[in-house]
Student: 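Please find one structure pasted underneath; my questions will follow.
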Amino acid sequence: MNSNYHTKTVTELSAMLQAGEVSSVELTRYFLDRIKSSDDKLNSFITICEQQALAQAAESDEKLKAGNAPALTGVPIAHKDIFCTDGVKTSCASKMLDNFISPYDATVVKNMRAAGVVMLGKTNMDEFAMGSSNETSYYGAVKNPWNLAAVPGGSSGGSAAAVGARLAPAATGTDTGGSIRQPAAFCGITGLKPTYGRVSRFGMIAFASSLDQAGPMGQSASDCALLLNAMAGFDEKDSTSIEKAVPDYSADLNKPLHGLRIGLPKEYFNIKDGGMDAAVEAAINTALDQYKAMGAELIDIELPNSALSVPVYYVVAPAECSANLSRFDGVRYGYRCDNPKDLNDLYTRSRGEAFGMEVQRRIMVGTYALSSGYYDAYYLKAQKCRHLISDDFKKAFEKVDVIMAPTTPATAFNIGEKTDDPIAMYLSDIFTIAVNLAGIPAMSIPVGFAKSSTGETMPVGLQIMGNYFAEAKLLNVAHQYQQQTDWHKQMPEEFKA
Ligand code: GLN
């Protein structure tokens with residue numbers, strides 16, 4: 001038996017399944033065994049779906065035998081535990097939903113199943129996707145496979161760690177302010193946040209509805225293209241989903257990059273006092289040289305309102321979360337406190353006992369920002385600033401095809417390092433948040449390594465941002481780089497075998 005399936009990409013596994021070189025049952029069992037033997041080091045899964053996965057795999061094998069099965073048939077992947085999954089616990093990493101079994105599938109889950117994907121399990125995350133380190137999970141922190149003392153990033157930290165350690169060939173994530181790209185960068189994998197509205201949010205537990213977007217997390221751009229083909233599309237159940245045909249994201253991967261105009265925003269480089277790490281910047285510059293060698297042109301640009309993105313986000317996201325999370329009240333579903341005195345006690349104690357500290361902090365900030373005396377000063381003002389940020393990108397994309405920048409100012413920090421300082425934690429998303437406020441697509445790809453503050457060699461991510469619906473272009477730009485380099489093939493020592 002070939003025992004190296006974890007060294008293969010989704011693209012390769014799909015070809016092997018189609019050629020009958022491996023069965024989905026064999027592959028699924030292989031990854032389930034890997035999760036069972038190694039995940040106690042990482043804590044990247046909340047739920048493992050062994051029986052269901054093997055049944056889906058057996059079904060996939062029948063389809064493969066019958067012929068004409070879609071490309072992802074039989075490929076095992078993991079879903080972030082923010083997606084509702086029929087009959088399977090869907091916790092959003094909160095005590096609030098610890099006992100919640102969803103009665104239906106999120107559209108992303110449904111679409112991917114229809115495309116033949118097998119679900120290995122549900123991955124750990126920050127509670128309700130609020131966090132940058134996966135430390136706010138009710139089920140405990142997730143570890144970074146490159147250094148078990150470091151965080152994997154958040155909020156899709158379980159998905160990133162599982163793919164980084166190759167416990168799953170790929171996973172889904174969601175990105176409200178960086179939660180696909182930042183953990184992808186910290187764990188050395190490839191992640192894509194699509195244009196707002198490209199992928200349905202139906203059945204994806206809402207954090208900040210005007211920012212949330214689901215996307216693929218995998219080993220390569222070509223894997224992300226295959227996964228996005230299955231995920232994307234109009235959904236009448238999501239009123240913000242956009243009625244626009246889904247292109248074949250795998251079709252344009254091989255276009256040459258000659259003449260590609262890459263914008264380098266000055267606000268994302270040469271930052272003197274923003275915690276920008278010199279070794280990270282050096283790795284980014286080497287990647288940019290590679291692009292130049294491939295025929296791209298590097299153009300200096302400005303995104304003058306970049307400094308507004310973190311403050312604007314931390315008004316808009318908490319405001320929307322305070323509204324979205326009001327449904328968790330101990331009555332309709334979710335956690336209920338013991339022996340409530342009266343209705344008010346039931347509401348306050350259920351919410352107080354089941355929401356973690358970060359979630360409570362956001363609900364309070366959001367409720368304050370939306371209250372009648374402060375609405376104009378905070379929420380309205382933030383929405384106006386949001387326009388300025390979108391306009392910066394619109395102007396930039398008149399001059400350039402894509403924008404490149406570091407995904408994060410530094411490599412993964414250590415567990416516990418920022419838990420007492422929420423502002424320092426919020427600033428770790430400084431380069432990813434503007435993209436969500438504007439609603440444009442962006443990727444993170446691994447482009448090398450840099451020493452962390454504790455001397456560990458950790459992955460560095462390059463961020464590639466595109467204009468609305470430019471996912472195919474981003475994937476092409478990332479894929480061409482991955483044809484010339486092998487950073488995306490590197491695996492952490494501890495999980496190589
Ligand atoms: N880290 C950011 C936050 O805590 C982004 C989270 C996300 O994208 N879900 O809000």
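Indexing begins at 1, ligand by ligand and atom by atom, following the structure's order. No experiment lies behind these values; they were computed from the predicted model shown.
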Student: Going by the ring-ring contact (aromatic ring centres under 6.0 Å, His included) test, which pairs reach into residues 160-214, not counting sequence neighbours?
Tutor: Tyr104-Phe202, Phe186-Phe413
Student: Sort out the contact shell of ligand 1: every protein residue with a heavy-atom distance below 4.0 Å, listed by chain and number.
Tutor: Ala129, Met130, Gly131, Ser132, Ser155, Asp175, Thr176, Gly177, Gly178, Ser179, Phe207, Tyr313, Tyr314, Arg362, Asp429
Student: For Phe328 and Phe128, I'd like to know if the aromatic rings sit close, meaning centre-to-centre distance below 6.0 Å.
Tutor: yes
Student: Does this structure show an ion pair linking Lys451 with Glu456, if we count only N-O contacts that are shorter than 4.0 Å?
Tutor: no
Student: Checking the side chain of Asp126 only, and the main-chain atoms of Glu135 only, is there a donor and an acceptor separated by less than 3.5 Å?
Tutor: yes
Student: Any idea which heavy atoms bring Ser179 and Ser155 closest together, and the distance?
Tutor: OG-N, 2.6 Å
Student: How about Arg113 and Thr85: do any of their side-chain heavy atoms sit closer than 4.5 Å?
Tutor: no
